[in-house]
Amino acid sequence: MRTVRAAAAIALASALTAVAGCGGGSSSGGGGSNESPKTLTYWASNQGPSIEADKKILTPELKKFEKETGIKVKLEVVPWADLLNRILAATTSGQGPDVLNIGNTWSASLQATGALLPWDQKNFDAIGGRDRFVDSAVASAGAEGQDPSAVPLYSLAYALYYNKKMFADAGISQPPATWDQLITDGKKISKDGKWALGAEGANLSNNIHQVFALGKQHGADFFDKAGKPTFTSEGAVAAVKQYVDFMAKDKIIAPGNAEYAQNQSLQDFAKGKTAMVLWQAAASTFASQGMKPEDWGVAPVPVPSGTPGTGQNVNSMVAGINIAVFNNTKNVDGAKKFVKFMTSDAEQKLLNKTYGSVPPVKAAQQDPAFSASDVKVLRDTLATSAAPLPQVANESQFETTVGTAVKGLFADAAAGKPVTTESVKAALTKAQQQMTQ
């Protein structure tokens, strides 16, 4: 997920039963079939600074695939704010693509619809085998104990990006390793119209990603082993309060960030208004905003104590993009050839270098480019201290209900209203009730 997923996830919970067994495919768009695979339709997620940038990146690769296979790929780059709703519409109407990108946190939810091709051993063997992929990436491609609903394409994790000049001006010599250090440093920075930490308080999925990692640090999973929500547990309440308190209590996030939902925090960072941001693979976005690589640094997301990235200190969700095939495509063989091409060692190196992400294909990770300082933080986080979001069928509803609760608490903080343990628990109680109705 490069641009963080928006609140469209709410539609999925009500759609699960309606779309079972449905899907889009090339038959609806003048494509091919197994016997005559002329055309594939592909919905790509917006990974780069803009839709046009993605088209420029992907089009030469699709031409390469066409030259190798004779299959033409019709490309559409879909903004994250629209992607899930577009997928749901395709599953109900039958007017959809053959191949598409999905956020890996949607995997189990979309898997429950039956709309996506299961990646059993036979299908994985057709693209070179399951063991080519990093285990944590495959674990984020569907519910445990079931064949994955998609194949990992781009792997991502959260890191702490920091503005070197703003740190130097505040007399700070290194990025914070713990949350207490971040708050201490943040108070030195947050003055004269400048702020320490950026947030996207109105972006539901981003809220979930942050409080999930904090929740793991507080011993909370948000769901029990049976898949039932536990949003009101002591750890979950503490995690949400800690995150909102960066604005409400610690005063290191600008109140206006409560309304951010479209990457405005990255723009503030690039303009020198904010010194730190928690984000996934932000390098190309910073470059598009005019920043030079030497202007910013990257470090692991802080932890309660000790050294980030070690022990049991989870400091990121397992983020990333998966590539999926609609189950009823008339061109399943061509679709699998395309997935094989996109996950080949060569394409994995090229595309992940371009996007600043980490290849989920083990062999591609050996390329020296993925040992660069910024990408290495993401790679090491994925390997040692990231955990997948709950792979449950109603995960998308979790993003919506709890994400909305956090949004409301940020709004309270921006308005100067007190954010207490009791108010956080009340908001999470409401979210849990919505999940269980």
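Reckoned from all heavy atoms, side chains included, excluding hydrogens, waters and symmetry mates.
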| message | A quick test of your reading: do over 12 heavy atoms of other residues, nucleotides or ligands sit less than 6.0 Å from NZ of Lys164? | response | yes
| query | Measuring from Gln111:CD to Gln146:CD, what's the distance to the nearest 0.5 Å? | reply | 4.0 Å
| remark: Value for OG (Ser357) from CG (Leu153), rounded to nearest 0.5 Å, stands at 8.0 Å
| note | Separation between CH2 (Trp195) and CD1 (Ile189), nearest 0.5 Å, reads 12.5 Å
| field | Plane angle bin for Tyr42 and Phe338 - parallel if under 30°, tilted between 30 and 60°, otherwise perpendicular | value | perpendicular
| said: Which residue is it: Asn315, Asn313, Asp380? I am looking for the one with a side-chain hydrogen bond (donor to acceptor under 3.5 Å, both in side chains) to Ser385. | reply: Asn315
| query | Checking side chain to side chain contact (heavy atoms under 4.5 Å, CB included) for the pair Asp295/Lys165: CA distance, chi angles, key distance, verdict? | reply | CA-CA 7 Å; Asp295 293 339; Lys165 183 178 185 302; over 6 Å; no
| Asn327 side chain near Leu117 side chain, heavy-atom distance below 4.5 Å | yes
| task | Go through the steps to decide whether Lys349 and Asp345 satisfy the test salt bridge (Lys or Arg N to Asp or Glu O under 4.0 Å), and finish with yes or no. | result | CA-CA 6 Å; Lys349 293 176 184 178; Asp345 292 356; 6.0 Å; no
| said: Determine whether a donor-acceptor pair (N or O, by modelled atom type, separation under 3.5 Å) exists between the side chain of Asn163 and the backbone of Met166. | reply: yes
| Shortest non-hydrogen contact from Gly235 toward His218 | O-CB, 3.5 Å
| task | Look at atom NZ of Lys64 and say whether more than 12 heavy atoms of other residues, nucleotides or ligands are closer to it than 6.0 Å. | result | yes
| Hey, which of Lys362, Lys353, Arg379 is the one that makes salt bridge (charged side-chain N to carboxylate O under 4.0 Å, His left out) with Asp367? | Lys353
| task | Verify the neighbour count for atom CD of Glu68: are there more than 12 heavy atoms of other residues, nucleotides or ligands below 6.0 Å? | result | yes
| said: For Phe124, run the side chain to side chain contact (heavy atoms under 4.5 Å, CB included) check against Lys336, Arg132, Arg130 and tell me which one passes. | reply: Arg130
| query | Under the salt bridge (Lys or Arg N to Asp or Glu O under 4.0 Å) criterion, do Glu422 and Lys425 qualify, and how do the steps go? | reply | CA-CA 5 Å; Glu422 290 72 23; Lys425 188 169 185 177; over 6 Å; no
| said: Is it the case that over 12 heavy atoms from other parts of the model lie below 6.0 angstrom from the CD atom of Gln434? | reply: yes
| task | Check step by step if side chain to side chain contact (heavy atoms under 4.5 Å, CB included) holds for Ile87 and Leu83. | result | CA-CA 6 Å; Ile87 294 171; Leu83 185 57; 4.0 Å; yes
| query | Which heavy-atom pair separates Leu378 from Ala159 by the least distance, and what is that distance? | reply | CD2-CB, 3.8 Å
| query | Has the side chain of Gln365 got a donor or acceptor atom that lies under 3.5 Å from a matching backbone atom of Pro359? | reply | yes
| query | Among all residues two or more places apart in sequence or in another chain, which pass the ring-ring contact (aromatic ring centres under 6.0 Å, His included) test with Phe398? | reply | Phe222, Phe223, Phe231
| said: Is any side-chain heavy atom of Trp106 closer than 4.5 Å to one of Ser149? | reply: no
| task | Kindly say whether Pro79 contributes a backbone atom to a donor-acceptor pair with the side chain of Asn46 at under 3.5 angstrom? | result | no
| task | Report yes or no: do Asn104 and Tyr154 form a side-chain donor-acceptor pair below 3.5 Å? | result | no
| query | Between Leu160 and Leu278, what is the shortest heavy-atom contact and its length? | reply | CD1-CD2, 3.6 Å
| request: Considering non-hydrogen atoms only, spot the tightest contact between Val318 and Pro388 and give its length. | output: CG2-N, 3.5 Å
| message | Check whether Thr59 reaches the backbone of Lys56 with its side chain - one donor and one acceptor, N or O, closer than 3.5 Å. | response | no
| said: Test side chain to side chain contact (heavy atoms under 4.5 Å, CB included) on Leu351 and Ile57; report intermediate values, then the result. | reply: CA-CA 8 Å; Leu351 292 172; Ile57 291 164; 4.1 Å; yes
| field | Flag side-chain contact, heavy atom, 4.5 Å: Val419 against Val424 | value | yes
| request: Please report the shortest heavy-atom distance between Asn207 and Gly403, naming the atom on each side. | output: ND2-O, 3.2 Å
| query | Do you see a donor-acceptor pair shorter than 3.5 Å between the side chains of Asn206 and Tyr260? | reply | no
| task | Could you please spell out the steps behind the ring pair (Phe, Tyr, Trp, His ring centres under 6.0 Å) verdict for Trp296 and Tyr161? | result | CA-CA 7 Å; Trp296 51 270; Tyr161 292 85; 5.7 Å; yes
| field | Over 12 non-hydrogen atoms of neighbours within 6.0 angstrom of CD in Gln181 | value | yes
| said: Return the CD1 to OG1 distance between Ile208 and Thr105, rounded to the nearest 0.5 Å. | reply: 9.5 Å
| task | Verify, without hydrogens or angle tests, whether Asp54 (side chain) and Gly48 (backbone) share a donor-acceptor contact under 3.5 angstrom. | result | yes
| said: Nearest 0.5 Å, please: how far is CE in Met317 from CD in Gln210? | reply: 9.5 Å
| said: Any side-chain to backbone donor/acceptor pair from Thr381 onto Ala386? Under 3.5 Å, distance only. | reply: no
| request: Report yes or no: does Asn352 contribute a side-chain atom to a donor-acceptor pair with the main-chain N or O of Gln348 at less than 3.5 Å? | output: yes
| Closest approach of Ala157 to Ala319 (non-hydrogen atoms, all atoms of both residues) | N-CB, 4.2 Å
| Pairwise side-chain contact, Val151 with Asn123, heavy-atom cut-off 4.5 Å (strictly under) | no
| Given Leu204 and Lys407, is the side chain to side chain contact (heavy atoms under 4.5 Å, CB included) satisfied, shown in steps? | CA-CA 7 Å; Leu204 310 191; Lys407 175 183 176 181; 4.0 Å; yes
| Can you tell me how far CG of Leu197 sits from OG1 of Thr274, rounded to the nearest 0.5 angstrom? | 8.0 Å
| query | Is a donor on one side and an acceptor on the other found under 3.5 Å between the side chain of Ser190 and the backbone of Ala196? | reply | yes
| Okay, side chain of Thr41, backbone of Asp98: is any donor-acceptor separation there less than 3.5 Å? | yes
| request: Sorted by first residue and then second, give each side chain to side chain donor-acceptor pair (under 3.5 Å) pair with at least one member in residues 245-256; sequence neighbours left out. | output: Lys241-Asp245
| request: Let me see the working for Glu200 and Ser265 under side chain to side chain donor-acceptor pair (under 3.5 Å), right down to the final yes or no. | output: CA-CA 7 Å; Glu200 300 276 325; Ser265 60; 2.6 Å; yes
| said: Donor-acceptor check, side chain of Asn203 to backbone of Ala261, threshold 3.5 angstrom: yes or no? | reply: yes
| Will you find, in the side chains of Glu399 and Ser205, an N or O donor that is under 3.5 Å from an N or O acceptor? | yes
| message | Under the rule for side chain to side chain donor-acceptor pair (under 3.5 Å), what residues qualify as partners of Lys187, not counting sequence neighbours? | response | none
| query | Between Ser107 and Asn322, does a side chain to side chain donor-acceptor pair (under 3.5 Å) hold up when you go through it step by step? | reply | CA-CA 8 Å; Ser107 295; Asn322 296 339; 3.0 Å; yes
